[in-house]
2 protein chains.
Amino acid sequence: MPGFIGREQHTIDEKGRLMIPARFRRKFLLQGEQGGAPTPAREQVLYVLKADEGCLELYEPSAWGEKERQLLKLSDFNPEERLLTTMIYARLDQAELDRSGRIALSREMLEHAGIDREAVIIGANVKMIVWDPARLDRLLGENKGRFAQLAGRYV
Amino acid sequence: MPGFIGREQHTIDEKGRLMIPARFRRKFLLQGEQGGAPTPAREQVLYVLKADEGCLELYEPSAWGEKERQLLKLSDFNPEERLLTTMIYARLDQAELDRSGRIALSREMLEHAGIDREAVIIGANVKMIVWDPARLDRLLGENKGRFAQLAGRYV
DNA sequence: CCATTTTTTCCCACTTTCCCCCACATTAAA
DNA sequence: TTTAATGTGGGGGAAAGTGGGAAAAAATGG
């Protein structure tokens, strides 16, 4: 439902706080609303996942629930599936929005993404993807040539 | 449904605002209408995509939704498909029409298209294509000779 | 269990950006 | 020529983003 779309760049302050763009916030603050005011929505939370590519993924609760449903299908007895479960939850964290719409990212998370003072937030419909600007540029640059090929194969 | 047809040229002001031609606007303002008045349609939005050729594409929501449906089919676990997702969403943005029928294009977008003060808007049925006038002329000039060949191959 | 240090988060203030709204220019229609 | 519709430009208020001080909470060490 969220439908996060767009790319923004924000600074991360000394305290490791990352601003969630207002237009993204609006997407999930309206959850509890029915024609009324856009709820202040206390206790708003996001799920933060370290991704393989060296970036972070932010899920709004209902979107994470969707993903979690897939994980719950994994067997508790099959070693491989147990390992996958462990790997995912070991990379997962939870972050609350403060009253200004920011989340505090741990040093670990920031380190994983190689983020220093600036971060790019990409809306990817169901989730937000957070990158160090330089690292993202490098990825996109290195793979520019593959775009047509991949797009042709999948879309 | 929209059926944007025609070519227009408009100026982009200091604030990076691009006028959407009235005749194009009318195409998608009629969406929610059934015999009634052409809805003022608050919150009208366009999807803006950086295209490979160095231009911008403007999709009307239902047209973009078509594409998005394909993107949602991509796996969240397959590295290649993840890469493709990132590449597309990194080039995508959303722009709302203001009350005068204009959209605000980010500096990034304008830079990508090499647009300064003038922009050509080409209606291409389901989307609009935005070019820097000079750049478009150059592309068409350089490839004039290939038209017959391409047309013969594909149409 | 208390005292001290560190971390968290609430709150306020400043700066910047966005966008509503109006005014005017220009073109098209009547 | 009048009237309306479209395109262009900008002032100013509101909202968003940024940073930091200080209270509250948590962690650490006796």
Side-chain angles (χ1 to χ4, degrees), chain A residues 4-30 37-46 48 58 93-111 115-123 128 130 133, chain B residues 4-30 37-46 48 58 93-111 115-123 128 130 133:
Chain A
F4 305 122
I5 298 290
R7 172 186 168 144
E8 302 211 15
Q9 182 156 340
H10 288 297
T11 68
I12 293 191
D13 64 30
E14 300 292 325
K15 301 174 182 176
R17 292 178 299 188
L18 170 66
M19 181 101 218
I20 305 299
R23 58 173 165 166
F24 290 174
R25 254 149 50 207
R26 257 178 250 121
K27 295 284 180 187
F28 55 90
L29 290 179
L30 294 173
T39 330
R42 206 64 288 285
E43 303 282 319
Q44 190 61 51
V45 67
L46 289 176
V48 187
L58 304 182
D93 202 351
Q94 222 175 16
E96 262 188 39
L97 276 80
D98 70 16
R99 293 266 167 83
S100 311
R102 295 174 287 195
I103 58 173
L105 293 173
S106 69
R107 194 161 308 284
E108 248 184 317
M109 288 287 179
L110 291 173
E111 214 164 284
I115 290 174
D116 181 34
R117 273 201 66 77
E118 293 283 316
V120 174
I121 307 177
I122 299 173
M128 303 174 237
V130 181
Chain B
F4 305 122
I5 299 292
R7 170 184 168 145
E8 302 210 16
Q9 181 155 341
H10 288 296
T11 70
I12 292 190
D13 64 30
E14 299 291 325
K15 300 176 181 176
R17 292 179 299 188
L18 170 67
M19 182 100 219
I20 304 300
R23 58 172 166 166
F24 289 174
R25 252 148 52 206
R26 256 177 253 121
K27 294 286 180 185
F28 53 90
L29 290 178
L30 294 173
T39 330
R42 205 65 285 286
E43 304 280 321
Q44 189 60 52
V45 67
L46 288 176
V48 186
L58 305 182
D93 203 349
Q94 220 175 20
E96 263 188 37
L97 276 80
D98 68 17
R99 292 266 167 83
S100 311
R102 294 172 289 193
I103 58 173
L105 293 173
S106 69
R107 191 164 310 282
E108 253 183 315
M109 287 287 178
L110 292 174
E111 213 165 286
I115 291 175
D116 180 35
R117 274 200 65 78
E118 292 286 315
V120 173
I121 307 178
I122 300 173
M128 303 173 235
V130 182

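Here is how names work: the chains are called A, B, and so on, in the same order as the sequence lines, proteins then strands, and each is numbered from 1. Everything numeric in this text was worked out from a predicted model, so none of it was measured.
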>> Atom CD of residue position Q9(B) - does it have more than 12 heavy atoms of other residues, nucleotides or ligands inside 6.0 Å?
In response: yes
> How many Å lie between CG on D98(B) and C1' on dC21(C), as a whole number?
Replying inline: 10 Å
> Between F4(A) and F24(A), what is the ring plane arrangement, given parallel below 30°, perpendicular above 60°, and tilted in between?
Replying inline: tilted
> Under a 4.5 Å cut-off applied to non-hydrogen side-chain atoms, are M109(B) and V130(B) in contact?
Replying inline: no
>> Reading DNA chain D from 5' to 3', where do the contacts with chain A start and stop? Cut-off is 4.0 Å to heavy atoms.
In response: dA16(D) to dA22(D)
> Just how far, in rounded Å, is C1' of dT17(C) from CD of Q9(A)?
Replying inline: 15 Å
> CD of Q94(B) versus P of dC18(C): gap in Å, rounded?
Replying inline: 15 Å
> To the nearest Å, how far apart are R23(A) CZ and dC19(C) C1'?
Replying inline: 14 Å
>> If I take atom CD in residue E96(A) and atom P in nucleotide dT9(C), what distance separates them, rounded to the nearest angstrom?
In response: 7 Å
> Quick one: the side chain of K15(A) and the base of dT7(C), do they pair up donor-acceptor inside 3.5 Å?
Replying inline: no
> Within a reach of under 6.0 Å around CD of E118(A), are more than 12 heavy atoms found that belong to other residues, nucleotides or ligands?
Replying inline: yes
>> Check the phosphate of dC20(C) against R99(B), side-chain N and O only, distance under 4.0 Å to OP1 or OP2. Yes or no?
In response: no
> Hey, what do you get for CD1 (I12(B)) to CD1 (I115(B)), rounding to the nearest 0.5 Å?
Replying inline: 5.0 Å
>> Using whole Å, what does the distance between atom P of nucleotide dC21(C) and atom CG of D13(B) come to?
In response: 18 Å
> Starting at CG of L105(A) and ending at C1' of dT7(C), how long is that distance when rounded to a whole Å?
Replying inline: 16 Å
>> Categorize R117(A) for me: base, sugar-phosphate, or nothing, with a 4.0 angstrom heavy-atom threshold over every strand shown.
In response: sugar-phosphate
>> Pick the closest DNA chain D nucleotide for H10(A) and for E118(B) by heavy atoms, then say which residue is nearer the 5' end.
In response: E118(B)
> Roughly how many Å is it from CD in E14(B) to P in dT17(C), rounded to a whole number?
Replying inline: 14 Å
> Can you check side-chain contact (heavy atoms from CB on, under 4.5 Å) on V45(B) and I5(A), steps first, answer last?
Replying inline: CA-CA 11 Å; V45(B) 67; I5(A) 298 290; over 6 Å; no
> Rounded to the nearest 0.5 Å, what separation is found between the CG atom of L18(B) and the CD1 atom of I20(B)?
Replying inline: 5.0 Å
